[in-house]
Amino acid sequence: MSNTHTNKSFDKINLDWKQIQSELRLKLGTEVYESWIKKIDFVEEFNNYILLAVPTRFIRDWITSRYLDQILQNIKEHKKEIIRIEFKIIENKSNKVKIFDNLNKTNKDENVSFIKDSYVQFNRIDPNKRFENFLIGSSNKIAFEASRKVSENISHYNPLYVYGGVGLGKTHLLNSIGHEMSKSKKVMFISAERFMYQFVKSLKSNDMVKFKEYFRNTNILIIDDIQFMNGKEAMQEEFFHTFNALLDKGSQIIVSADRSPNKLSRIQERIKSRFSGGLVVDIQKPEYELRKKIINHKINELTNLYSDKLSISEEIQNFISSKVTSNVRELVGAINRIVSFSRIYNKMPSLAETKIILKDLLNLSEKNVTIDSIQTIVCRYFKISKNEMLSSRRSRYLVRPRQAAIYLTKILTTKSLPEIGREFSNRDHTTIIHSVKTIEKLKEKNPEMSNNINKLKNIILYNKDNEI
Ligand code: ADP
Ligand code: MG
């Protein structure tokens with residue numbers, strides 16, 4: 001099945017599934033790629049989810065239980081708005097490989113112990129996230145150094161608690177610690193969600209003894225995204241005891257979260273105070289220098305992957321590093337989108353195109369959206385003069401553009417209704433409200449109006465004059 005790029009509008013680039021597959025190959029390794037990822041076909045993309053196809057139910061379940069998060073994460077780097085993946089089973093006769101049937105059988109016949117099974121599933125250290133490819137800047141240096149020291153066993157920071165917003169590199173750092181320490185120690189790397197899931201499963205299957213043994217047997221316990229630990233008392237109880245038992249025997253514990261320990265809402269006080277008892281470090285948003293470094297690094301990495309030079313211009317690199325500021329994941333996502341674009345259209349995007357491709361990632365400033373610029377753009381768009389727009393004439397060809405300009409002023413600036421009224425030839429604020437409501441209604445019913453408003457918004461916000 002092939003990926004179709006029928007929609008020519010740049011801000012609606014369809015996912016380049018082949019590229020995502022090759023990113024996943026890099027991330028999960030060739031073996032996983034060959035056995036699973038390669039078997040997934042792209043079917044269709046919807047507003048906030050995508051439909052993929054696999055040849056059997058078994059493959060679907062296997063992929064869902066092991067790689068779904070990772071796949072979704074890569075997809076999100078290209079398209080933030082995709083929030084889930086759905087699978088369809090499309091049997092592919094030629095594709096019936098024995099190994100699946102065998103695997104299927106083993107799984108059914110043997111009563112594989114849950115813990116043993118999940119060890120394989122969840123204790124997956126990603127070999128691509130290491131200290132060596134973690135780029136350092138002032139925003140993450142302290143967290144990096146603390147992690148490094150912990151992994152070299154020369155710190156007495158126990159537990160180490162790393163926190164920071166989404167996409168800032170927490171998982172990368174925790175994974176690096178795991179990767180490093182697993183060379184000589186028994187490491188357990190698990191997300192808090194999985195921990196809870198296993199806890200509940202073990203309870204149900206009367207496997208608690210194994211569960212406890214399993215976690216308490218490790219030298220290094222790494223728990224990612226502890227803010228998701230919102231389980232019942234019994235689970236927190238168990239977690240607390242595991243935690244203490246490990247600390248008592250000198251095992252290292254590393255925890256990450258999106259907030260500081262005292263802000264964790266659903267976690268017992270005594271656990272929070274345990275977290276605060278070690279070293280607490282945070283990762284800040286990447287500063288400009290680090291953003292540039294990451295962009296460079298990513299471009300080099302992709303150049304190696306595609307073995308041809310990616311000539312993303314200085315201008316675009318500078319644009320991305322100054323506008324995509326919120327986190328590293330989005331920064332990497334921005335580069336991936338540029339690359340997707342260049343592969344689909346066979347050219348590098350211009351700056352104007354870049355603005356559209358990265359629309360949702362850019363931090364827009366309202367500063368240069370003025371009433372005057374809105375009026376000018378709307379007049380040009382509807383081919384009327386500014387005098388006509390500001391006049392009191394009520395011809396239909398003037399009324400709609402006028403209302404559209406008023407509506408856009410209301411939604412794109414922080415001006416009050418009387419202020420807007422003044423700028424439109426001293427119209428009364430009730431007229432302004434009426435205009436806004438009229439356009440809102442028309443947008444609902446009339447696709448042409450909604451299309452016009454969207455185009456105008458694009459032009460006003462991104463100075464994108466020519467339509468694509
Ligand atoms: P978090 O867990 O904080 O949400 P991740 O660790 O998943 O963030 O990071 C998001 C993406 O950005 C990952 O692909 C990661 O490898 C990359 N990344 C984050 N920080 C850095 C960094 N300092 N150097 C290189 N890559 C980074
Ligand atoms: Mg993470």
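Both ligands and their constituent atoms are indexed starting at 1 by order of listing.
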- Message: Looking at Tyr163, I'd like to know if the NZ or CZ of Arg259 sits under 6.0 Å from its six-membered ring centre while staying within 45 degrees of the ring's axis.
- Response: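 So Arg259 doesn't make the cation-pi contact.
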- Message: Check whether Phe131 forms a cation-pi arrangement with Arg148 (NZ or CZ under 6.0 Å from the six-membered ring centre, at most 45° off the ring normal).
- Response: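 Satisfied, under 6.0 Å and within 45°.
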Heavy atom of the protein closest to [atom] (residue, atom name, distance):
atom	result
atom 2 (O) of ligand 1	Thr171 OG1, 2.7 Å
atom 27 (C) of ligand 1	Val328 CG1, 3.5 Å
atom 7 (O) of ligand 1	Arg329 NH2, 2.8 Å
atom 14 (O) of ligand 1	Lys129 CE, 4.1 Å
atom 24 (N) of ligand 1	Leu135 N, 2.8 Å

- Message: On a heavy-atom basis, I'd like to know which of His172, Gln73, Lys170 is closest to atom 3 (O) of ligand 1.
- Response: Lys170
Taking the inter-plane angle between the rings of [X] and [Y] on a 0 to 90° scale, is it parallel (under 30°), tilted (30 to 60°) or perpendicular (over 60°)?
X	Y	value
Phe46	Tyr49	parallel
Phe195	Phe199	parallel
Phe144	Phe134	parallel

Heavy-atom contacts with [X] under 4.0 Å: which atoms of ligand 1 show up? List them by number with element.
X	result
Val166	4 (O)
Gly165	3 (O)
Asn133	24 (N), 25 (C)

For the residue pair [Y] / [X], report whether a side-chain donor-acceptor contact shorter than 3.5 Å exists.
X	Y	value
Asn244	Arg274	yes
Ser313	Gln317	no
Asn219	Ser251	no
Asn74	Glu23	yes

Does ligand 1 come near enough to [X] that some N or O of the ligand is less than 3.5 Å from an N or O of the residue?
X	result
Val332	no
Gly169	yes
Gly167	yes
Leu168	yes

- How does Asn140 reach ligand 1, by side chain, by backbone, by both or by neither, if only non-hydrogen atoms under 4.0 Å count?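 The answer is the side chain.
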- Measure His297 to ligand 1 on non-hydrogen atoms and call it side chain, backbone, both or neither using the 4.0 Å cut-off.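 No part of His297 comes within reach of ligand 1.
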- Item | NZ on Lys76 to CD1 on Ile71, rounded to 0.5 Å |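 Rounded to the nearest 0.5 Å, the CD1-NZ separation comes out at 14.0 Å.
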- Is the distance from the Mg ion (ligand 2) to some N, O or S atom of Thr171 under 2.8 Å? yes
